[in-house]
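Okay, so here's the structure we're looking at.
Numbered from 1 within each chain, the chains take letters A, B, ... in sequence-line order. Since this is a predicted model, take the numbers as computed values, not measurements.
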2 protein chains.
Amino acid sequence: MNHIQSYISEHKDRFLNELIELLKIPSISADSAYKNDVLKTADVIKISLEKAGCNTVEICKTDGYPIVYGEKIIDKSLPTVLVYGHYDVQPPDPIDLWDSPPFEPVIKNTEKHPEGAIFARGACDDKGQMYMHVKAMEFMTATNQLPCNVKFMIEGEEEIGSANLATFVKNNQEKLKNDVILISDTGMIANDVPSITTGLRGLSYVEVEVTGPNRDLHSGLYGGAVANPINVLTKMIASLHDENNHITIPRFYDNVEELSKEERAEMAKAPFSLENYKKALDIDAVYGEASYTTNERNSIRPTLDVNGIWGGYTGEGAKTVIASKAYAKISMRLVPHQNWHEITQLFENHFESIAPKGVTVKVKPHHGGQGYVTPIDNIGYKAASKAYQDTFGKTPIPQRSGGSIPIVSLFEQELKSKTILMGFGLDSDAIHSPNEHFGVWNYLKGIETIPLFYKYFTELNN
Amino acid sequence: MNHIQSYISEHKDRFLNELIELLKIPSISADSAYKNDVLKTADVIKISLEKAGCNTVEICKTDGYPIVYGEKIIDKSLPTVLVYGHYDVQPPDPIDLWDSPPFEPVIKNTEKHPEGAIFARGACDDKGQMYMHVKAMEFMTATNQLPCNVKFMIEGEEEIGSANLATFVKNNQEKLKNDVILISDTGMIANDVPSITTGLRGLSYVEVEVTGPNRDLHSGLYGGAVANPINVLTKMIASLHDENNHITIPRFYDNVEELSKEERAEMAKAPFSLENYKKALDIDAVYGEASYTTNERNSIRPTLDVNGIWGGYTGEGAKTVIASKAYAKISMRLVPHQNWHEITQLFENHFESIAPKGVTVKVKPHHGGQGYVTPIDNIGYKAASKAYQDTFGKTPIPQRSGGSIPIVSLFEQELKSKTILMGFGLDSDAIHSPNEHFGVWNYLKGIETIPLFYKYFTELNN
């Protein structure tokens, strides 16, 4: 495409300022206290899509937060790209670990981002990466170089399971009809090691509640004589992994695909330094399932992690109490072919079965999704690969991600099209953590690369 | 003593109203936000002791909350009773489980308290029981029947370990010189089954912190590849009990006294219904150390309970995060002869030794205290027993309590005198729990019984 570098350098400051304004809105979908901010963000996205050249933009109501839909159809005979992204963000807590307020974006230089990075919740996941597509669209329409039809579907519930997006997709298959789905909600290995995500893990997220006595008790008068829900919860959770860190839920591994030696050898070629990995996290050792490497543990293997636990007295000082209830939020990352509904049921059955006498256990499924794989001989993958070659001067490495975008497998099921995951963030960008950030170089490189995907995808479809 | 019933019935309403006013002040020593309320409570106690007839009352500064000291010395040749109590209270949370606000006392009838009970934090532990002594003192001085010397020492840090009281006692041995110490901070079996507590458990209270990665991580990108501090903490805590619910800390049981068959048979005579116990707590089974009864488990056996646990995302909805840190508050109840400093050290050594690679562990000792036993041939015990016989018409049962009043063993060590634990609360009064209450009947019965203790103790000393 012509003039893209000049267009970006000319409008760079505006591109940054528009994103910064978007990041100032705390669109936390998990916390109903921020409802108005989430809704306000949808309005901002609508306006930005109109300005970028979409000729139809609408805010589609759902039972939850709305979906912003926009499109520009230039010729029904040309292919159609569906861009998906989300405008909601993770909660920022623990808030006190942020060096600057999560919703007051600042640009600071870092070792990995010598040209500066925007620090704010949502900078990378996913406002920053989603907005790259809006600006790429602006470039293509402003310079009359849009080579195909485009549809945008930007949702506000990705961080809480996309339950209403699923319904929306099922009910709007014709409207959403497309030849390829394009998403930037993942990362790449390094700024000089571009990669494209070809696999995602599935997810099952549950909340458990253990109830002992009908009220909090004095630990002196009752200690040792009744089941303490917190002690019981720790025993139950501890029992979910064996001494090799295999998950002990019966039939949990039934449908897990075992990769061949060859495939694992292929994966092992991705550049990785265990020393740097440990150093970056300030840990003396990695930890995980026996007989798998770190890269395998967080990509091709399913996992079970407690994401939150609470019960009893957690305030200042000491309280000698036996709590009536203890709680935990637990998520399982799944690999392709594991059915998340089935895994959730297996967890529920097993967890209830291991509850000792003296307590009652409730398991509340939160949300989940299927794993996903894109074959690298797919036209969309090839188009993306050529785009990266133009802008990075290197062939991107296909990479399995440990993360989950539950909606991706549903897209394939409902819309019968494959998804290309063009991520421009880095693992070190601290998404879901305090001090989330997104490199300015990465943001602009994404805006530069995306139009080339449109170009090559259209060409390869002829 | 003469006219005591008539005096009580005449002043009953005032006795109740004065206590209710005292209960309105949220003197939560564990939470520095309530500092002014705790200090205000000390002032109220000072005034009440002056009104009750003490001729010297002072607020003694400490490095923490002050100790209110009052005395009335009528004749140095007569014995001296030292009354101990505390004016601080436990935190009220979980606040939403209270039927009425914890610091807005209300009187309601209950099955066990047909004559009404005062519902408020501190109603029984210890404001209500401490104030019985103030009103008993008022009666004896108002009717010129005080038979001996009296000293009051009311502190404001019992619920947080009495650290400064210990220093105060060490530095004021002459001032606090006494022949017996009298405390009402325990319970009795039932209103028609009076009992006197002859044993207390010791305590070691610690807080643990497990640190994994140096920041919260996305559970998809890192899940399964790094040690999750919450999962690790649950494994570490779970390992502190074996399959028989014995505590696994090496040498933990070294100094635990094994009671003889005869003593255990004697204990077993105390009226106890397992069915009612389970019904009262709404549990289908009790739980605890193998080969001991419920009453043994919560009195003559040491225990380890988690009093609070927290880490990761505990808010509304779901957050797929691996926390950097996880925490727990853990308390161990100890039996006589276990040294709490030694046990705290054993816990610290063991807990640090079981930490897996990939995490670091910190153990922060909170506070603790020694266990305690009063022989029933002690003059003080005999005087108390006679007092109960007069007012309850029954000989009280000697009873070992599972609770801890760490300061009691220190009193014996520093002041060389025994403590008599005349408790008038019931286990069902929900101390340390939501809806704590204290029977009106029990409150008045305490005021009636206490002066008789003074009478018999003075007589038995001749």
- Note on the structure: Honestly, the part of A:E316 sitting under 4.5 Å from a heavy atom of chain B is both
- Item | Spacing of A:N214 atom CG and B:K279 atom NZ [to the nearest 0.5 Å] | 12.0 Å
- Measuring heavy-atom distances to chain B, does A:A323 have an atom under 4.5 Å in its side chain, in its backbone, in both, or in neither? neither
- Looking only at A:V286, A:V359, A:V226, A:T294, the option with the highest number of non-hydrogen pairs under 4.5 Å against chain B is A:V226
- Task: Measure B:P356 against the heavy atoms of chain A and call it side chain, backbone, both or neither at under 4.5 Å.
- Result: side chain
- Task: Count the heavy-atom pairs under 4.5 Å between each of A:S324, A:A33, A:G223 and chain B, then report the option with the highest count.
- Result: A:G223
- Message: Is A:S331 close to chain B through its backbone or its side chain, or both, or neither, when contacts mean heavy atoms under 4.5 Å?
- Response: side chain
- Query: Looking at A:G311, A:A280, A:G403, which makes the most heavy-atom pairs under 4.5 Å with chain B?
  - Reply: A:G311
- Note on the structure: chain B shares the most heavy-atom pairs under 4.5 Å, among A:I283, A:I160, A:T314, with A:T314
- Query: Considering only heavy atoms from C-beta outward, does the side chain of A:D305 approach that of B:Y222 to under 4.5 Å?
  - Reply: no
- Between chain B and each of A:G288, A:A285, A:G312, count heavy-atom pairs under 4.5 Å; write down the option with the most. A:A285
- With chain B, which of A:T303, A:I230, A:D427 has the greatest number of heavy-atom pairs at distances under 4.5 Å? A:I230
- Under 3.5 Å donor-acceptor, B:N298 side chain and A:A225 backbone: no
- Item | Sub-4.5 Å side-chain heavy-atom contact between A:T234 and B:I309 | yes
- Could you tell me whether a side-chain N or O of A:R301 sits under 3.5 Å from a main-chain N or O of B:G224, the two making a donor and an acceptor? no
- Query: To the nearest 0.5 Å, what is the distance between NZ (B:K319) and OH (A:Y205)?
  - Reply: 9.0 Å
- Item | Side-chain donor or acceptor of A:K235 paired with backbone N/O of B:H241 under 3.5 Å | yes
- Report yes if some heavy atom in the side chain of A:L203 is under 4.5 Å from a heavy atom in the side chain of B:T320; otherwise report no. yes
- Message: Under 4.5 Å from any heavy atom of chain B, what part of A:S401 do you find: side chain, backbone, both or neither?
- Response: side chain
- Message: Suppose we screen for side-chain hydrogen bond (donor to acceptor under 3.5 Å, both in side chains). Which residues come up paired with B:D126, at least two apart in sequence or across chains?
- Response: none
- Student check: side-chain heavy atoms of B:T360 and A:D284 closer than 4.5 Å: no
- Check whether A:S32 gets within reach of chain B through its side chain, its backbone, both or neither, counting any heavy atom under 4.5 Å. both
- Does a side-chain heavy-atom distance below 4.5 Å link B:L221 with A:I431? yes
- Task: Can you run down the ring-ring contact (aromatic ring centres under 6.0 Å, His included) pairs that involve residues 284-324 of chain B, sequence neighbours left out, and say none if there aren't any?
- Result: B:W310-B:Y327
- Note on the structure: Interatomic distance, CZ@A:R215 vs CD@B:E436, rounded to 0.5 Å, equals 11.0 Å
- Task: Quick one: pull up CG in A:L233 and CD1 in B:I237 and give me the separation to the nearest 0.5 Å.
- Result: 9.5 Å
- Answer with side chain, backbone, both or neither: which region of A:P91 has an atom nearer than 4.5 Å to a non-hydrogen atom of chain B? both
- Message: Can you tell me which of B:H366, B:M236, B:H367, B:K278 forms the most heavy-atom pairs within a distance under 4.5 Å of chain A?
- Response: B:H366
- Query: What pair of heavy atoms forms the shortest contact from B:A30 to A:A318, and how long is it?
  - Reply: CB-O, 4.2 Å
- Donor-acceptor contact present, side-chain B:N228 to main-chain A:V306, <3.5 Å: yes
- Message: Between A:P213 and B:D282, is there a side-chain heavy-atom distance shorter than 4.5 Å?
- Response: no
- Task: Return yes if a side-chain donor-acceptor contact under 3.5 Å exists between B:S433 and A:H218, otherwise no.
- Result: no
- Is it true that a side-chain atom of A:N307 and a backbone atom of B:S219 form a donor plus acceptor pair closer than 3.5 Å? no
- Query: Going by heavy atoms in the side chains, are B:L217 and A:L281 under 4.5 Å from each other?
  - Reply: yes
- Where on A:A430 is there a heavy atom nearer than 4.5 Å to chain B: the side chain, the backbone, both, or neither? both
- Quick one: what part of A:P302 sits under 4.5 Å from any heavy atom of chain B, side chain, backbone, both or neither? neither
